[in-house]
Amino acid sequence: MALDDRQDRYPFPEIEARWQKVWADRKQFKVTEEPGRPKYYCLEMFPYPSGRIHMGHVRVYAIGDLLARYKWMRGFNVLHPMGWDAFGLPAENAAIDNGVHPAVWTYENIDNMRTQLRRMGISYDWDREVATCDPAYYKWEQLIFIRMLERGLAYRRRSRVNWCPSCQTVLANEQVEAGRCWRCDSEVTIREIDGWFFKITDYAQELLDWCDRLPGWPERVLTMQRNWIGRSEGAEFALPVAGRPDLRIPIFTTRPDTSFGMTYAVLAPEHPLVDGLAADAAERSRIDAFRAEVARETEIERLATDRPKRGLRLTARAVNPFTEREIPLFLADYVLMGYGTGAIMAVPGEDQRDWDFAKAHDLPIVATVKRPEGWADDQAYTGDGVKINSGFLDGLDIEAAKRKAIDWLVAKGLGQAKVNFRLRDWGISRQRYWGAPIPVLYCEKDGMVPEREENLPVVLPRDVQISGKGGSPLAEVASFVNATCPKCGGRARRDTDTMDTFVESSWYFLRYCSPTYDRGMFEPGAAAYWMPVDQYIGGIEHAVLHLLYARFYTKVLRDLGMLKVDEPFQALLSQGMVIKDGAKMSKSKGNVVDPDDLIRRYGADTARLFSLFAAPPEKDLDWNDRGVEGASRFLNRVWRFVHAHLAELNGAVAGRGAAEGEPSGSAGAGRGAAEGEPSGSAVAGRGAAEGEPGGSAARAFRRTIHETIRKVTHDIEHDFHFNTAISAVMELVNALHDFERVSLDTMPRPARAALLREAVETTLLLLGPVSPHITEELWAALGHRESLFKQAWPRPDETALARDEVEIVVQVDGRVRGRLTAGVDAREAEIRERALADDKVRPWLDGRQVAKVVVVPGRLVNIVTRG
Ligand SMILES: [Zn+2]
Ligand SMILES: [Zn+2]
């Protein structure tokens, strides 16, 4: 960066600090419920207080702030809050590494990040700030836990869980990515453990159905949710075991039409029926050995398609009820107890995993769907076709055969149609300290007992040893563990697990509605007014985790009678990542740009402008220094123009009558008139256009101003194309410079000044939500006493938008024979004359008499002839 370049810069450090203080002192973005006034709830996903904001934060908060400020200017009552997803593992790791208490570490980080966010000038209502580690926050989540417990929506069971050996905690399926911990990337192992679950599967169908009723969500997020919920229709039936009338194995299949091709069946090794199938002690020990092998594998490994299918053949055999033939029974790692019934009918002809397994174990393969011509028969066939080798199903198509197979199972009393979901219940127990305690106790007499409501919150004890090893740190805190049974008053032990932090983030948007309310989770009236969130903004990495949990939790609260909405987020914007040199910014890659540096060197307005201009929000943003320089140059250019012309611009106001008080308090030219604002307002450009001083150049420039208003409004409103909106403002500033030059000698001074002022005010209004400090400063420099963000968003003036010239169709006896271009205000006589003289039209008039000429101004000339 050249030194002289720096000297040129407008004084952003001073300006930004000043306006941040003004906004804070005035509490400009504080909101209260105003029934009857349209509301807009704009929410960015709240951050984990890691200590410093990164460029990804700058991007998402700049997007949210643009929308919030824009909606303010559109007259909405805007709720735009900020808070902290404050529980979680890094605080504990910091405690282990540096000996600082997680609470101290967390609150220090919050202070740092709050300062950084204030430096960005985001329009938050800071009075609504929430931190989820505050007992006044998690108290309500404990209460809801107890309500869910009463309704069977929270339950405890032993289960095989994903275990991260490094984080020393359980992970939900959603938190395992390709067999690795989502947080630390360690390989995930399997453990059997007692824990709490939320019954999200009760809501599987509703969560799926509503995916079709969220038009404001990106389709790719909805697709990910639909796949995660994974609804499949099929049949469940009982598979008889040969020679064992007492034993039947329940089977779920999505392809009952392929039943005639079932040449073997498979049970999950963990299946409870397996013990009863062992013929003798020798087989039992083979089964135990096989189970031990499989227990070392994660679900992900077991489901991977690219690995050999491990299996153990049992002595017992099953009977395919369709063919009445005996078939072998296997245990295999690729069948999971958690899905369906934990047992499958294997149809290698039409299922690739079964095909691979059949090949490996030398089992027969029967095709039950006719293969297309030239099928190589080297893999399973999953396409369409007519049923073959299928007894009474032969000749049917697949769908008809499915229905008929189910009818047959029902008639035989063997089974029925069944819907299955891939979605599993949400395991919420974590063996960690820094989380919300689970509010239950275990009494020798009464068993598991929930804490009494009046004893909530169950406060996380402060005094704890965190080693990072072994189980729950809370188990070591005697004063916490040893408690009184809420039922019998005897001795009881508290649950020492804490809740998954995704529980806190499942309802924080509700707490913002009434953050200090102390008689419930939220004040019902406030939630009724603000909910649902109108625009939610956050990364695609939350497509299934947080976004599914929050939808579920909202529905639970609705069913508890606390909320009226079915869905928490009306619309969702998933912004792309910030990348540099082709990779996501990360410390290990050494390509991190620190927002503090950026703001120190260029100012928050430039940082915001760059991050909104460099890419459409849903795409990845490729960082480049030249782009930042460009953004900075643009703001400096606006600054210089206004200051270079300040006398003339402010003279424009004086000239048209400063007597009216607040100099154009209504500000933006063009919009005033329509809204019946004081006459002081729209004077500027209107005079220029009507009086025609400056002629076509002035008219064209004024049209550019209003076309820019129209485009920017459209781009923000309809597809979040902030980059093209900003680009339009940049073009307007170019046009402003051009017009300033050409009008200098050709236009009367007052008219020119008025039009320049209209253009500058429009630029500031349109640019305000992007770069709020510089625009607020320049707005004040133009003599306005009221904040830019209290102004109405400009509206395009239709008369200014009208094109100078229009195309006029010329018809002869009802048929189009020519076209001509004429000024919109061309006189009728002139148009008639030109139509009759037109080269294309004249031949059609040759030898005929013109009987009548009808002129529809601005559109059409019809010439009627007589032969
Ligand atoms: Zn981990
Ligand atoms: Zn008791």
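In listed order, ligands and their atoms are each counted from 1. Predicted model only: the values in this text are computed from it and were never measured.
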Legend entry - Mutual orientation of the aromatic rings belonging to W434 and F87 [parallel < 30°, tilted 30-60°, perpendicular > 60°]: perpendicular
Legend entry - With the Zn ion (ligand 1) as the apex, the SG/SG angle for C181 and C184 - to 10°: 110°
Inset, instruction - Evaluate the ring planes of Y124 and W126, with Trp represented by its six-membered ring, and classify them as parallel (under 30°), tilted (30 to 60°) or perpendicular (over 60°). - result: perpendicular
Inset, instruction - Hey, can you tell me if F198 and Y553 have their rings parallel, tilted or perpendicular (30° and 60° cut-offs)? - result: tilted
Legend entry - Apex the Zn ion (ligand 2) - arms SG from C443 and OD2 from D446 - angle rounded to 10°: 120°
Inset, instruction - Confirm or rule out an N/O/S atom of E444, from backbone or side chain, lying less than 2.8 Å from the Zn ion (ligand 2). - result: no
Inset, instruction - Test the R310-F290 pair against the cation-pi criterion, namely NZ or CZ under 6.0 angstrom from the six-membered ring centroid and within 45° of the ring axis. - result: no
Inset, instruction - Can you tell me, to 10 degrees, how wide the angle at the Zn ion (ligand 2) is between SG on C485 and SG on C488? - result: 110°
